[in-house]
Each structure stands twice: as structure tokens, then as C-alpha cells.
Trainee: 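My questions will all concern the structure given below.
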Amino acid sequence: MPSVKAENSYHVAVIGAGASGALVAAQFHKRVHSHLKLVVIGNQPRPARGVAYETPFQANLLNVPAGNMSAFPDDGKHFVNWLKARLPGSNAETFVPRMMYGDYLAEIFEDTINNSTRIEYLNATATALNREDDKWIIQLNNGAFMEANSIVLALGNLLLPANPINFDTAGSAYHLNPWSPEISKDLNADEPVLLIGTGLTMIDVALSLRESGHHGHLHAISRHGRLYQTHKPYQARPLSNLPKDFESPLGALRWIRQEIKNDEKSDADWRAVIDSLRPYISTIWNLWNQTQRASFLRHARNIWDIHRHRTSPEISNQLSALIEDKILVIHKGSLISVRSGGNDVTVHWQDAETGDCKIINVARIINCTGPSRDITRIQSPLIKSLLAEGWITSDPLKLGPQTDLPGRLLNANGQASPNLYTIGPLRIAGLWESIAIPEIRKQAAELADLLVSELIESSLLSSS
Ligand SMILES: Cc1cc2nc3c(=O)[nH]c(=O)nc-3n(C[C@H](O)[C@H](O)[C@H](O)COP(=O)(O)OP(=O)(O)OC[C@H]3O[C@@H](n4cnc5c(N)ncnc54)[C@H](O)[C@@H]3O)c2cc1C
């Protein structure tokens, strides 16, 4: 790329203004170094909310109780205190609408920007990054350029779900993006809908459709047909050390089963066993080699996910009511083909239990299988340019880009790219557990420490 004149210069540019970007800015603000400048570049109309907390539906609740949703790792009651002032009767066990959590994040971000002369927000899309004279040059979709010493990619999930089969023949009845407001466009309230997947996205979409007035039949299909478990208060039993069994996925499974069995005798809850592992998940993930990780993904991922990511009791009750009333039918099997005919799409699927080929007729199909992580398939010009230049590289299991433990992106030779960091969902390949607020808030604080210390160190070196 020819040399360009950057219009603005920053010490740090955070690309992406969802929860991760907002929390990095808030943590940076807490570290008082008056000369360090940071810009957050975000491309949604309302910053800080991101995809998860921008939802317009009251029925979309947090799937984590308020007590564990503080934005700050050193102030665990921050969200609950904010909430109590706004929602009478709420407490640490309350599951609030996600839009309300969006208000909380937006307020934190607004305070950060308003109370700082060195932190700015820019509404734009970053389309490419190039390295020049020890700086990153950021290209924006409006044709402008800016430069920064360090970059934080806070881009969220980025990829839409993968297509389990070819949907070309379904035409406009098929929706790949479950978060698009278009999913219910031109859908009559009584027309049947097929939701692909039976996880948290399926639940979200089913309840959003109901809230927007849809009352037709809903079908949901997945290979195992398993629904996510429900939260319930329990007596925590934190681990003081990681047991040795975790050196292999099989050992881990044996340990979990045995602990749950032991606890059942004392009436303790399995949730306590699962959650006791959460602080150790990235350590466990890093104990496993690629073959062991692949084996986990193939054999244990689904069962782990439905126990680890749980729904609120309210959501669970609503889902059970839909199932009992036969409005929502869960199918266990796999899709074979779809064919559009008039207003209907005929879906052929294979029942996992009987092996029979069955048919469902629906007016709409919505892919709720969750985001794909394979960055080699990505449309984002920014990620494409970083991959093409070799600044980032895909994890062999296609779980995202490769990163090191502090969150630096690794280049095609496996070395840390200079001053190029990431946070949140793009760290899954390196940490496994990296998408929810309890992990993101910790990463944001650690990243701010690292950025500030590296920037100060480099400015001392350049002035000596
Ligand atoms: C539906 C849903 C519900 C969830 N519920 C919970 C929950 O209850 N509790 C919990 O702890 N976690 C939950 N999560 C996990 C969630 O991933 C995190 O809580 C958090 O929202 C992730 O924030 P993020 O900023 O990393 O990503 P995002 O929120 O996706 O934000 C990334 C932002 O970057 C922008 N962007 C991307 N590329 C560019 C570019 N080139 N230039 C500029 N901007 C760009 C995107 O448009 C987006 O605004 C949920 C996730 C989803 C999807």
C-alpha cells in the first residue's frame, strides 16, 4: 500500500464498540496517564451494546444472573447496585432484559468519553490495517486514515452461522442471520417456522417471534435435540487446585461424573461442580493438544455447552409452556434438503432415532446454530487484509485467530504480531472460555494494564 498521511494519531485504537471495546476504554480511563490517547472505532448506530445487548425484545433476558454481570472485576456489585436503583425488587439473582444491560454498558461508555479528554469515539468501520514505521495505519470506510501505536480488535463474534446444507432452493424463506430484523418481515403471524438449532439462539428467536406477535407453529431441529439446562441457586464449592485428571478430556469427563455422583449423595447441585471449573477452563484448554481439543469438540462440546451455558428460570418456564402447548416442537435429527414451492418450503430431514426421512412444511427457516468461528471464510475486509498480510493466522481447529495468553494475535509464523491485541470472542481458540462478561471484564482490565505499561516503556526508551 502506498504511504498515506494519517489524519489523527492515537496511542491505542480499539476497533469494535460492543461490550469489549467499551470495557477496554473504561479500564484505560481508570489508569491515569494524561498523555495517552485512545480511540474506539465502532460501526453500530449505538455504541457499547453490541449484538447481544442491542435487542429490542423484552423477552431476551441475560443468561447470567445480575450478580455476575458487573462490568468491573474489582467491583463485583457494580451492576447489581446500578440495577437496584432502577428496578425495584431486583437483586444478585435477577435475570434482566438484555436491553437493560445495554443501557448499563452505554452509560459506562458515555461516562468514559464525557469524563476524558484523551478517549474518543468514532462511528466508522475499519477496513484495513497496515504497518508503517512502527505504527499501525487504520483505513476507514469513509476513506480516512488514522494511526495508532497499538491496536485492540474487539470485533465480537464476526461470522454468521455456517449453512448445514445448501439453502439456495429455499429462496427468501431462508435467513442465515438470526439477529436480523428481517427474519419476521412478510411472515404471517400464523405461518409455521423452522429454527435450525436448539440452543440459546433458538430460544431467543422463538421468544422474540412470540413477542412480535407471531403465534404459528415453531419447529426446532438439532442432531441431539438437547435443550439448555436452567440456572438454579446452589452452594458454591470452589476448587483450590485443578485436579490432575484434566490432562485429557476423558480424565476431565471422569472427574466431572464422579464429583457429581459424590455431590448427589449430599444433595448438592451439579451446577456447583461445573461452575467450580470456570476459573480453570483456559488452563485446562491449554493443557490439551490439538488432537485432544478436536476430540472434545467432536464428542463433548454439546453436552458441555448445555450444562455450562444455562437459561434463566423465567426463560425455561416460557420454553416449557411453548413445548407443552405443542407450539414449539423439538426434532432430533439432521436436515437433508429443502425445496421451495409456492408460499411453502418443504424440508426433508432424517430422524436420529428411527432413521426415517420426514417432512416439515414451513414458511420460513431461520439458522440458529450460532456464529461460525472460521476466519478463513470471513467477509470482513479488515480480517481478510490481516490474514492476507500474515499478521494473523487461523487456529488449526478453525475456532478463530491464534492468540497468546496475554491476547496478542499471532502471525503466520506463530510469533506475536507487534502491538496487535484482541479481546472476547476472538480469543476462543486460545482460551476456549472467552465470550461472556465475566471473562471479558477481566481481559479488559488486564489488557489496559499491558497496553499502558508497554506504551510507557516504549516512550521511556524513545526519550532516553
Ligand atoms: C444473543 C447473545 C446473548 C448473550 N447473552 C449474554 C449474557 O447474558 N451474559 C454474558 O455474559 N454474555 C452474553 N453473551 C456473550 C457476548 O458475546 C458478550 O457478553 C459481549 O456482548 C461480547 O461483546 P463484544 O464487544 O466482544 O462483541 P460484540 O457485541 O459483537 O461487539 C463487536 C462490535 O464490533 C463491531 N465491528 C466489527 N467489525 C468492525 C470493524 N471492522 N470496524 C468497526 N466496528 C466493527 C461490531 O459491529 C460490533 O458492534 C451473549 C451473546 C449473544 C450473541
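Numbers here are sequence positions counted from 1. All ligand and atom numbering here is 1-based and tracks the order in the structure.
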Trainee: Apply salt bridge (charged side-chain N to carboxylate O under 4.0 Å, His left out) to the pair Glu439 and Arg427, showing each step before the final yes or no.
Mentor: CA-CA 11 Å; Glu439 280 72 33; Arg427 293 188 64 185; over 6 Å; no
Trainee: Going by salt bridge (charged side-chain N to carboxylate O under 4.0 Å, His left out), name the pairs with one or both residues in residues 80-92, residues two or more places apart or in two chains.
Mentor: Arg86-Glu107
Trainee: List the steps, then state whether side chain to side chain donor-acceptor pair (under 3.5 Å) holds for Asp374 with Ser394.
Mentor: CA-CA 8 Å; Asp374 181 1; Ser394 170; 4.7 Å; no
Trainee: Take atom CG in Asp133; do more than 12 heavy atoms of anything else shown fall under 6.0 Å from it?
Mentor: no
Trainee: Any idea which residues sit under 4.0 Å from ligand 1, heavy-atom distances?
Mentor: Ile15, Gly16, Ala17, Gly18, Ala19, Ser20, Ile41, Gly42, Asn43, Gln44, Gly50, Val51, Ala52, Tyr53, Leu62, Asn63, Val64, Met69, Arg98, Ala124, Thr125, Ala126, Ala154, Leu155, Gly156, Asn157, Trp179, Asp204, Leu382, Pro425, Ile435, Ala436, Ile437, Pro438, Ile440
Trainee: Within a 6.0 Å radius of atom CG on Asn413, are there more than 12 heavy atoms belonging to other residues, nucleotides or ligands?
Mentor: yes
Trainee: Contact between Phe72 and Lys30 at the side-chain level, heavy atoms closer than 4.5 Å - yes or no?
Mentor: yes
